[in-house]
Amino acid sequence: MKTPLSKPPYIYFVVFLVVALVMTIYETIKETIFKGTLTPWQSHTITIIVTSFLATFTTIIIRSWSENILKKEQIIELQQQKLTIIKLLLNAVHHIVNNVLNYFQLIKLEVEDEGTVKKET
């Protein structure tokens, strides 16, 4: 049974702080490079392009990560199914071997009692 991943509430705050820090560094670098010569719309356009790139890059990374997790889950599920099949087969073999041993015990008892094995046996 799959259980949902639970994240502590502070993880969202940490993500917020990291993104705010990255964007502050970005804006500082942008202002340093262009020395305040950009019009507001030029600045906005550059910011939109950069954040769109970062969002796309982040999506690619998260998608790849989640696909790897899914593949690992599928492999684990297959291994569990194989183990279940092996257990069932071993139980069946154990049952058959026990039946054969029980029949040999009956033959042994018959030989001890009568000195021979009956034709029917």
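Count residues from 1 along the sequence.
In plain terms, the two heavy atoms of Thr47 and Glu27 that are nearest each other are OG1-OE2, 3.1 Å. Scanning both residues, Met23 and Thr51, for their nearest heavy atoms gives CE-CG2, 3.3 Å.
We find the CD1-NE2 distance between Ile49 and His44 to be 13.5 Å, quoted to the nearest 0.5 Å. Here the CD1-OG1 distance, from Ile25 to Thr32, works out to 11.5 Å after rounding to the nearest 0.5 Å. Atom-to-atom distance recorded for Ile75:CD1 and Glu77:CD is 11.5 Å, nearest 0.5 angstrom. How far CG of Leu17 is from OG1 of Thr24: 10.5 Å, rounded to the nearest 0.5 Å. Taking CD1 of Ile107 as the reference point, atom CG of Asn102 lies at 11.5 Å (rounded to 0.5 Å).
The hydrophobic cluster containing Val100 also contains Val117, counting ILVMFWY residues as joined when their side-chain heavy atoms lie under 4.5 angstrom apart, directly or transitively. In the hydrophobic clustering of ILVMFWY residues, with side-chain heavy atoms under 4.5 Å counting as a link, Phe104 and Val111 come out together. Both Leu38 and Ile33 belong to a common hydrophobic cluster when Ile, Leu, Val, Met, Phe, Trp and Tyr are linked at side-chain heavy-atom distances under 4.5 angstrom. Transitive grouping of hydrophobic side chains (ILVMFWY, heavy atoms separated by less than 4.5 Å) keeps Val19 and Ile62 in distinct clusters. Taking hydrophobic clusters as Ile, Leu, Val, Met, Phe, Trp and Tyr residues chained together by side-chain heavy-atom distances below 4.5 Å, Tyr26 shares a cluster with Leu21.
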Checking Glu67 against Lys71 for the salt bridge (Lys or Arg N to Asp or Glu O under 4.0 Å) test, could you report, in this order, the C-alpha distance in whole Å, the side-chain angles of both residues, the deciding distance, and whether it holds? CA-CA 6 Å; Glu67 285 177 355; Lys71 286 178 186 176; 5.5 Å; no

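Donor-acceptor pairing under 3.5 Å is lacking for the side chains of Glu31 and Ser43. Neither side chain, Asn91 nor His95, offers a donor N or O lying under 3.5 Å from an acceptor on the other.
Of the possible polar contacts, none joining the Ser64 side chain to the Ile60 backbone as a donor-acceptor pair under 3.5 Å is found.
Annotation: side chain of Gln42 is not in contact with side chain of Thr37 (no heavy-atom distance under 4.5 Å). In this structure, the side chains of Phe34 and Ile46 come closer than 4.5 Å at one or more pairs of heavy atoms. Residues Gln79 and Leu83 form no side-chain contact, since every pair of their non-hydrogen atoms from C-beta on lies 4.5 Å or further apart. Between Gln105 and Lys108, some side-chain heavy-atom pair lies under the 4.5 Å cut-off. Side-chain contact check for Glu114 versus Lys118: some heavy-atom pair is nearer than 4.5 Å. Residues Ile69 and Glu73 have side chains in contact (heavy-atom distance under 4.5 Å, counting atoms from C-beta outward). For the pair Leu54/Phe57, no side-chain contact is recorded, criterion being any heavy-atom separation below 4.5 Å from C-beta on.
Ring orientation note: the planes of Phe16 and Phe13 are close to parallel, at an angle under 30° on the 30°/60° scale.
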